[in-house]
Amino acid sequence: MLSFLACVKQTSSDKKVFNCNIDQALTSLDPAFARNQYAEWCDNLIYNGLTQLTDSLEVKPCIAKKWEISADSKTYIFHLRKDVYFQDDLNFSQGKGRKVVATDFVYSFSRLIDPLTASSGAWIFNNKVTGKNSFVAIDDSTFEIKLNKPFPPLLKLLTAQYCSVLPHEVVSFYGKDFRSHPVGNGPFSFKYWKEEEIMVLLKNQHYFEFEKGKRLPFLDAVKFSFIRDKQTAFLEFLKKKLDFFSNIDGSYRDDILTKTGHVQEKYKGKFVLASGPDLDTEYMGILVDSTKEIVKDSPLKIKKIRQAINYSIDRTKIVKYLQNSMGIPGTAGFIPEGMPGFNAAAVKGYDFNPEKAQKLLAESGYPHGRGMAPITLYTSTTYRDLIEYIQGELEIQGIHTILAVNPAASLREQISKSTINFFRGSWVADYPDGENYLSLFYSHNKVPFGPNYTGFNNRKFDELFERSYYLASDSMRYSLNREMDNIIMEEAPVVVLFYAKLVNLRQNNIHDMTINPLNILNLKRVKKQ
């Protein structure tokens, strides 16, 4: 321990160390359990997979240098690089990391779907493969995936940290303790982790990627602190003890940003603010499954009332006054801005139109809301201010709501069991394809079998959704996605509020750090002066 601390002290003084904070519990560095943003950040630094994403969310080669897709789009053959090595570990011969080969992917993907692993990422291959026999090592540098049916977003899905490649002998040796003894092949290698206090990753001296003739990464180390209170972490950032700060919390957003989304005068020039689209749709869900008792007697079963609710909300004010302009009004469908194929002009969502709301209420038999039973709107404590604002907006139109505030875990359980019919929700992309959002409305994905929390069932939508799997052309799929999104908007099982925006801060001496709509922490090319 003393030797390690001396090493860290020396590293911090004459090496380029990137200092970052994690403000939530980090339970595992095993990519099979990369279930939250911070686990994804760490795993992305330690591991690699077949494919990777650019900042514009385009798929590019990683360990797979190229691939072929069969004519029926059900077989993918990946040709692997021959210069990728696992990081050193005592479980390898002479402690030196060995070459990554195709059988490593067979092992890693088979482990992901093995019920004994109980991975939170098993859904990656759910209903896509028949089992472990779907993963084949043709030879050391050729790997094959056989699908049950076409799945056009597969190459994007494989960029998820769940799909990282692992060395079987190391995972087998450590067993469940692999969570704290990770061995990957990414730009940084694991050095030390004292849970809830500090974690250190060191530059992988044998990393396979280069830029302009120089081996990546450029940083010598990454050091994570674990300060739970975000305001305290922000103060550490202001003291320059942290190089990076992500996701400005609502409790002190006003201190940093003006209502128009600019840095407050007192902070100008002290750091760099970077913002951009975030693949996160904030919405209110409405249960529309007419087989449910709570739907049968609810005014929400009437489409025109759902549409009236949509027209009653001023999304521009929500973004400006509650989000400090760190969002985009959700007026163009459920698929968020920043997603490849997004086209605000092609999807007709809802703007603020009280006159239309009143017209629809009258046509539904409830002029100005008279005679309509109150509707209970469920939320968690974190979003109470947002939902109280919406409650006030609906009240102005005569739509009476009762606010029910529950713990987040309890709210998720109620939504997943279809026991509430009007709730605040959000959907953050698992992978950068519109299919990931539209799957929430496919009738065969109704809970408990999938994420269709609104119980939406529309034959035309289902036909388009199923047809989209057989279109190899992205442009054709994007067109079909927009058609499906328009069906969702017309039927109104959701009230799209806004699309989130990323807001990241970095010190002035941090260069070549980019952002992406998935908020993946990519430090391969970052330089620190």
Straight-line distance of [X] [atom1] to [Y] [atom2], nearest 0.5 Å:
X      : Y      : atom1 : atom2 : value
Ser73  : Lys149 : OG    : NZ    : 13.5 Å
Asp43  : Ile520 : CG    : CD1   : 12.0 Å
Leu521 : Cys20  : CG    : SG    : 5.5 Å
Gln529 : Gln507 : CD    : CD    : 13.0 Å
Trp193 : Met199 : CH2   : CE    : 6.5 Å
Arg424 : Asn406 : CZ    : CG    : 13.0 Å

I'd like to know if the side chain of [X] reaches the main chain of [Y], judged simply by a donor and an acceptor atom lying under 3.5 Å from each other, with no hydrogens or angles considered.
X      : Y      : answer
Asp104 : Val101 : yes
Ser172 : Glu169 : no
Lys230 : Ser246 : yes
Thr75  : Lys146 : no
Glu413 : Ala408 : no
Lys156 : Pro432 : yes
Asp485 : Gly333 : no
Thr117 : Ser119 : no
Asp278 : Ala500 : no
Arg525 : Phe218 : no

Can you find a pair of side-chain heavy atoms, one from [X] and one from [Y], that are under 4.5 Å apart?
X      : Y      : answer
Val136 : Val106 : no
Asp289 : Asn457 : no
Leu29  : Arg179 : no
Ser70  : Asp72  : yes
Leu158 : Ile145 : yes
Val17  : Leu219 : no
Lys528 : Asn509 : yes
Leu201 : Ile46  : yes

Criterion side-chain contact (heavy atoms from CB on, under 4.5 Å) on Phe143 and Leu50, from CA distance to verdict: CA-CA 10 Å; Phe143 173 63; Leu50 291 167; 4.0 Å; yes
Distance only, no hydrogens: is a donor on one side chain within 3.5 Å (strictly under) of an acceptor on the other, for [X] and [Y]?
X      : Y      : result
Gln87  : His206 : no
Ser189 : Asn204 : no
Tyr162 : Ser120 : yes
Tyr442 : Glu466 : yes
Thr142 : Asp139 : yes
Ser439 : Asn445 : no
Tyr431 : Glu435 : yes
Asn48  : Tyr207 : yes

Asn185 and Val165: CA distance, side-chain angles, deciding distance, side-chain contact (heavy atoms from CB on, under 4.5 Å) verdict: CA-CA 8 Å; Asn185 48 70; Val165 66; 3.0 Å; yes
Around atom [atom1] of [X], are there more than 12 heavy atoms of other residues, nucleotides or ligands at under 6.0 Å?
X      : atom1 : answer
Phe449 : CZ    : no
Lys527 : NZ    : yes
Asn127 : CG    : no
Lys96  : NZ    : no

So, for [X] and [Y], which heavy atoms are closest and what is the spacing to 0.1 Å?
X      : Y      : value
Leu45  : Pro187 : O-CD, 3.1 Å
Cys62  : Gly49  : CB-O, 3.4 Å
Tyr437 : Met339 : CE1-CE, 3.5 Å
Ile198 : Tyr192 : CG2-CE2, 3.6 Å

When the ring planes of [X] and [Y] are compared, do they come out parallel, tilted or perpendicular, using 30° and 60° as the limits?
X      : Y      : result
Phe178 : Tyr47  : tilted
Phe109 : Phe135 : perpendicular
Phe237 : Phe234 : parallel
Phe18  : Phe244 : tilted

Before accepting this row, confirm whether a basic side-chain N of the pair [X]/[Y] lies closer than 4.0 Å to the acidic partner's carboxylate O.
X      : Y      : value
Asp243 : Lys223 : no
Arg477 : Asp433 : yes
Lys132 : Asp114 : yes
Asp30  : Arg111 : yes
Lys60  : Glu58  : no
Arg228 : Asp23  : no
Glu236 : Lys239 : yes

Member of Phe334, Tyr499, Tyr453, Tyr383 meeting the ring-ring contact (aromatic ring centres under 6.0 Å, His included) criterion with Tyr283: Phe334
Is it true that [X] and [Y] have ring centroids separated by less than 6.0 Å?
X      : Y      : result
Tyr174 : His181 : yes
Tyr469 : Phe465 : yes
Phe271 : Phe245 : no

Test side-chain contact (heavy atoms from CB on, under 4.5 Å) applied to Tyr378 and Val405, step by step: CA-CA 6 Å; Tyr378 293 80; Val405 182; over 6 Å; no
Residues Val100, Tyr85; criterion side-chain contact (heavy atoms from CB on, under 4.5 Å); working and verdict: CA-CA 5 Å; Val100 175; Tyr85 289 82; 5.9 Å; no
Six-ring centre of Phe151, Lys128 cation under 6.0 angstrom, axis tolerance 45°: yes
